[in-house]
**Student:** 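Sharing a structure with you now.
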2 protein chains.
Amino acid sequence: MELVCYRCPARSSDLCAGVPDNELKLLAAISTHLKLRPEETLILDGDASDHVYNVVSGTLMMTRLGADGRRQILAFLLTGNFIGFSSDQLYRFNVEALTDCELCRFERKKLEPLFEAYPEMERRFRQMAARVIEASLDLVFTLGRRNATERMAAFLLHLRDAQREAAEIPKDTQAVWQIPMTRTDIADYLGLTIETVSRVLSRLKSKGILRLPTLHSFEIVNETALVDAAGAD
Amino acid sequence: MELVCYRCPARSSDLCAGVPDNELKLLAAISTHLKLRPEETLILDGDASDHVYNVVSGTLMMTRLGADGRRQILAFLLTGNFIGFSSDQLYRFNVEALTDCELCRFERKKLEPLFEAYPEMERRFRQMAARVIEASLDLVFTLGRRNATERMAAFLLHLRDAQREAAEIPKDTQAVWQIPMTRTDIADYLGLTIETVSRVLSRLKSKGILRLPTLHSFEIVNETALVDAAGAD
DNA sequence: CGCGGGCTTGATTCATATCAACGATGGTGG
DNA sequence: CCACCATCGTTGATATGAATCAAGCCCGCG
């Protein structure tokens with residue numbers, strides 16, 4: 001049981017990093033493992049918020065649906081990310097798997113006592129919340145003040161950074177990065193249409209800034225130009 | 001000294017509500033009072049994040065500036081709101097007063113021990129963080145998926161709700177509400193231009209949905225129509 | 001081999017930005 | 001107290017970036 005946590009790819013996530021190795025069994029005792037296949041739903045808008053999750057592997061997305069079907073993707077969730085901040089008894093968003101996913105699931109009310117026992121864990125939890133706030137505000141800036149090209153460029157750089165970090169790849173490594181989501185998902189994240197996403201990618205490619213070996217991968221050929229295209233910030 | 005907290009308009013804010021009356025002196029002991037005049041700066045991008053704040057009265061705004069001067073307002077901060085979530089040693093945003101403001105200032109490192117002593121306070125702090133996350137995600141949806149009219153309508157309803165709550169005004173009261181910010185501020189919050197804001201307001205007014213007694217106040221004449229105009233969500 | 005879903009590309013439309021002029025309002029100094 | 005000016009807001013004309021409408025492509029799969 002302990003081994004599960006020891007070998008967990010999300011061991012160093014904020015949630016778990018606050019617990020010392022020798023106390024990991026406490027975490028393991030209150031957690032259950034969970035696997036999801038692509039398109040499976042983890043949380044539906046309106047679900048009771050009595051469980052929280054840690055992403056062990058895979059990619060998920062957090063979405064909100066407007067009454068008339070408009071969809072906004074609020075966040076993509078990758079290895080190490082925490083899911084479950086809620087000020088209410090109910091979740092007000094959906095979470096859905098994009099790829100095969102492994103998650104760690106905690107009952108909220110069992111997790112909370114640990115915060116009293118391990119102030120370090122609680123401290124990290126707060127930092128985690130702060131990071132989520134900052135990520136949301138970054139997206140606010142992007143949606144409020146960047147044009148289509150800038151949004152796309154910033155998104156790709158963000159995707160790369162997340163994968164770099166998760167895989168601990170050194171900064172100057174040239175690599176082909178994954179795009180785990182569809183064009184539609186990207187559009188619904190960046191507040192654009194699928195056609196605009198496609199056009200902007202084509203333009204970045206034709207300018208020699210990107211390579212797009214497959215629909216779901218990219219390589220940055222000219223990083224300077226891409227950073228430049230991401231613009232103000 | 002204790003009296004200051006007892007009579008504080010933000011006594012029931014999340015930060016302070018976790019502390020029982022008889023322990024208020026602990027909060028008072030580590031807090032200092034602060035007044036700001038309109039346009040004064042509380043936090044500058046890059047400032048050390050070693051103080052946090054509670055808004056006692058007045059309105060402030062949290063902004064981010066792009067390299068080329070583009071500005072996005074990330075949040076308006078009203079009575080009872082907390083300022084200071086940061087995952088880092090530095091703040092990555094500005095906070096500026098819109099009106100005369102009173103604030104309560106805490107040293108972060110003096111506040112944190114209270115969380116251990118008062119788990120209820122810590123619990124409320126987490127809830128507060130969750131609310132900030134939800135507010136940011138609401139704005140993400142607005143910027144990503146609503147048109148100019150919908151943004152404006154949603155914003156006005158939000159302004160009303162915040163004031164209603166702060167002043168504890170019953171739900172069906174007809175009233176003139178304040179608009180503490182300029183048209184430029186509204187534009188920079190909603191990801192629009194000042195001209196568009198102006199036009200949308202004029203249209204809502206000419207349709208008989210709003211009254212605009214002064215530049216900085218509004219009255220909702222036809223609430224149903226306004227809610228309708230706010231659209232999907 | 002044909003079919004379908006996801007994607008790209010092109011033509012056109014439309015919402016909002018931009019550019020430009022004018023109007024209101026509030027503060028200051030004569 | 002009034003007149004002036006600066007600032008902020010409104011309104012109109014035009015430009016433009018992205019949405020919408022419309023084919024057609026590509027690749028995996030039955």
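Every chain is numbered from 1, with letters handed out A, B, ... down the list of sequences. As the structure is a computational prediction, the values presented were derived from the model and not from experiment.
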**Student:** Mind calculating the distance between CZ (A:Arg183) and C1' (D:dC25) to the nearest angstrom?
**Tutor:**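 Rounding to the nearest Å, CZ of A:Arg183 and C1' of D:dC25 are 14 Å apart.
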**Student:** Taking any heavy-atom pair under 4.0 Å as a contact, classify A:Leu201: base, sugar-phosphate, or nothing.
**Tutor:**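 No contact.
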**Student:** Which nucleotide sits closest to the side chain of B:Ser202: D:dG9, C:dC7, D:dT10?
**Tutor:**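 From the listed options, D:dT10 comes nearest.
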**Student:** Just compare C:dT8, D:dA18, C:dA17 and give me whichever is closest to any side-chain atom of A:Asn147.
**Tutor:**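 Output: D:dA18.
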**Student:** So does A:Val52 get a backbone contact from the side chain of A:Arg108, meaning a donor-acceptor N/O pair under 3.5 Å?
**Tutor:**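 Answer holds: no.
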**Student:** Using a 4.0 Å heavy-atom cut-off across all strands, classify B:Thr193 as base, sugar-phosphate, or nothing.
**Tutor:**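 Base contact.
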**Student:** Out of D:dT20, D:dG12, C:dC7, which nucleotide sits closest to the side chain of B:Arg199?
**Tutor:**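 Selected nucleotide (nearest to the side chain): D:dG12.
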**Student:** Could you give the CG-to-P distance, from B:Leu143 to D:dA18, as a whole number of Å?
**Tutor:**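 Those two atoms, CG and P, are 15 Å apart.
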**Student:** Of the nucleotides C:dT8, D:dA18, C:dT16, which has the atom closest to the A:Ala148 side chain?
**Tutor:**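 Ranking C:dT8, D:dA18, C:dT16 by closest atom to the A:Ala148 side chain puts D:dA18 first.
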**Student:** Output the rounded distance in Å from CD1 (A:Ile194) to P (C:dG6).
**Tutor:**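 One finds 9 Å between P of C:dG6 and CD1 of A:Ile194, rounded.
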**Student:** Rounded to the nearest Å, what distance is computed from the NE2 atom of residue B:His216 to the C1' atom of nucleotide D:dT10?
**Tutor:**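 The answer, rounded to whole Å, is 14 Å.
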**Student:** Would you kindly give the CG-to-P distance between B:Leu215 and C:dA24, to the nearest whole Å?
**Tutor:**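 Taking atom P of C:dA24 as the reference, CG of B:Leu215 is at 12 Å.
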**Student:** Within the structure shown, what part of the strands sits under 4.0 Å from B:Ser198 by heavy-atom distance: base, sugar-phosphate, or nothing?
**Tutor:**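 The answer is base, as B:Ser198 lies within the cut-off (heavy atoms under 4.0 Å) of a base atom.
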**Student:** Rounded to whole Å, how long is the line connecting atom CZ of A:Arg203 with atom P of C:dT9?
**Tutor:**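 It is 11 Å, rounded to the nearest whole Å.
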**Student:** With the threshold set at 4.0 Å, does a side-chain nitrogen-carboxylate oxygen contact exist between A:Arg37 and A:Asp100?
**Tutor:**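 Looking at A:Arg37 and A:Asp100, the cut-off is met.
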**Student:** Among C:dT16, C:dT8, C:dA20, which is the nearest nucleotide to the side chain of B:Glu195?
**Tutor:**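 The answer is C:dA20, which lies nearest to the side chain.
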**Student:** Which heavy-atom pair separates A:Phe106 from A:Ser31 by the least distance, and what is that distance?
**Tutor:**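 Distance-wise, the nearest heavy atoms are CE2-CB, 3.4 Å.
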**Student:** Look at the side-chain N and O atoms of A:Thr196 and state whether any lies under 4.0 Å from the OP1 or OP2 oxygen of D:dA19.
**Tutor:**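 Indeed, a polar side-chain atom of A:Thr196 lies that close.
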**Student:** Is any side-chain heavy atom of B:Phe218 closer than 4.5 Å to one of B:Leu201?
**Tutor:**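 B:Leu201 vs B:Phe218: side chains apart.
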